[in-house]
Amino acid sequence: MPSVLIIDDEWKVRAFLREVLAGAGFDVVEAEDGEAGLSTYQKTPTDLVISDLFMGQQNGLEMILRLTQHHPDAKVIAISGGGEFADPDTFLTIARSVGATEALAKPFGVDVLLQTVQKVLGK
């Protein structure tokens, strides 16, 4: 089974992603910020990382940059609702430029999530 690391500081978002992905047959691991996510990935790399961009401790952009510098083959989907900013598209574009494979603006539906995951994993 493919494995996914979910990194998001909002437990409701992690719960939604976990429910959808586990229901689709993925092994799911979670972290609540970028620092914990990096640590988790370094101990046990996963097939895919889904990371929010605006979090405490270490934001998602910094985490994606560090992750892909040390693990250039890591597959990452960046997600963002824009935080206190009005337009998440700018930050999602930046996320792609620092190593994210794909990017999704919150809110997104189950179908869009699963299609994007399958696309990134090449299935």
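We use all heavy atoms of the structure for the numbers below, so side chains are in, but hydrogens, waters and symmetry mates are not. No experiment lies behind these values; they were computed from the predicted model shown.
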Any side-chain heavy-atom pair of Val49 and His71 under 4.5 Å: no
Heavy-atom check, side chain of Leu53 versus side chain of Leu61, under 4.5 Å: yes
Nearest-0.5 Å distance that lies between atom CE in Met1 and atom CG in Leu21: 12.5 Å
With sequence neighbours excluded, residues passing side-chain contact (heavy atoms from CB on, under 4.5 Å) with Gln69: Leu65
In one Ile/Leu/Val/Met/Phe/Trp/Tyr side-chain cluster, 4.5 Å: Val112, Leu121: yes
Check: Val76 main-chain N/O paired with Thr101 side-chain donor or acceptor under 3.5 Å: yes
Worked verdict on Val4 versus Thr46 for side chain to side chain contact (heavy atoms under 4.5 Å, CB included): CA-CA 6 Å; Val4 180; Thr46 56; 5.8 Å; no
Shortest non-hydrogen separation from Ala31 to Thr40 and the atoms involved: CB-OG1, 4.4 Å
Full working for side chain to side chain contact (heavy atoms under 4.5 Å, CB included) between Leu5 and Thr44: CA-CA 10 Å; Leu5 169 58; Thr44 309; over 6 Å; no
Side chain to side chain contact (heavy atoms under 4.5 Å, CB included) between Val29 and Lys43, intermediate numbers included: CA-CA 12 Å; Val29 182; Lys43 290 176 189 168; over 6 Å; no
Rounded distance [0.5 Å steps], OG1 in Thr68 versus NE2 in His70: 9.0 Å
Which residues share a side-chain contact (heavy atoms from CB on, under 4.5 Å) with Ile77, sequence neighbours left out: Leu48, Ile50, Ile79, Glu102, Leu104, Thr116, Val117, Val120
Contact list for residues 99-123, test ring-ring contact (aromatic ring centres under 6.0 Å, His included), sequence neighbours left out: none
Sequence-distant partners of Val20, side-chain contact (heavy atoms from CB on, under 4.5 Å), two or more places apart: Phe16, Val110, Leu113, Leu114
Asp47 (side chain) donor-acceptor with Ser3 (main chain) under 3.5 angstrom: yes
Pairs involving residues 14-27, ordered by first then second residue, that meet side-chain hydrogen bond (donor to acceptor under 3.5 Å, both in side chains) (sequence neighbours left out): Arg14-Glu30, Arg18-Glu30
Taking every non-hydrogen atom, the tightest pair across Asp52 and Ser80: OD1-CA, 3.9 Å
Residue list, side-chain contact (heavy atoms from CB on, under 4.5 Å) with Pro45, at least two apart or on another chain: Tyr41
Nearest heavy atoms of Ile64 and Ala100, plus distance in Å: CG2-N, 3.6 Å
Same cluster (ILVMFWY, side-chain, under 4.5 Å), Met63 and Val28: no
Side chain Ser39, main chain Ala36, donor-acceptor under 3.5 Å: no
Closest contact, heavy atoms only, Ala95 versus Ala78: CB-CB, 3.6 Å
Arg66/Glu35 under side chain to side chain contact (heavy atoms under 4.5 Å, CB included): CA gap, chis, key distance, verdict: CA-CA 10 Å; Arg66 288 180 56 200; Glu35 194 65 42; 3.4 Å; yes
Same apolar cluster: Phe54 and Leu38, side chain cutoff 4.5 Å: yes
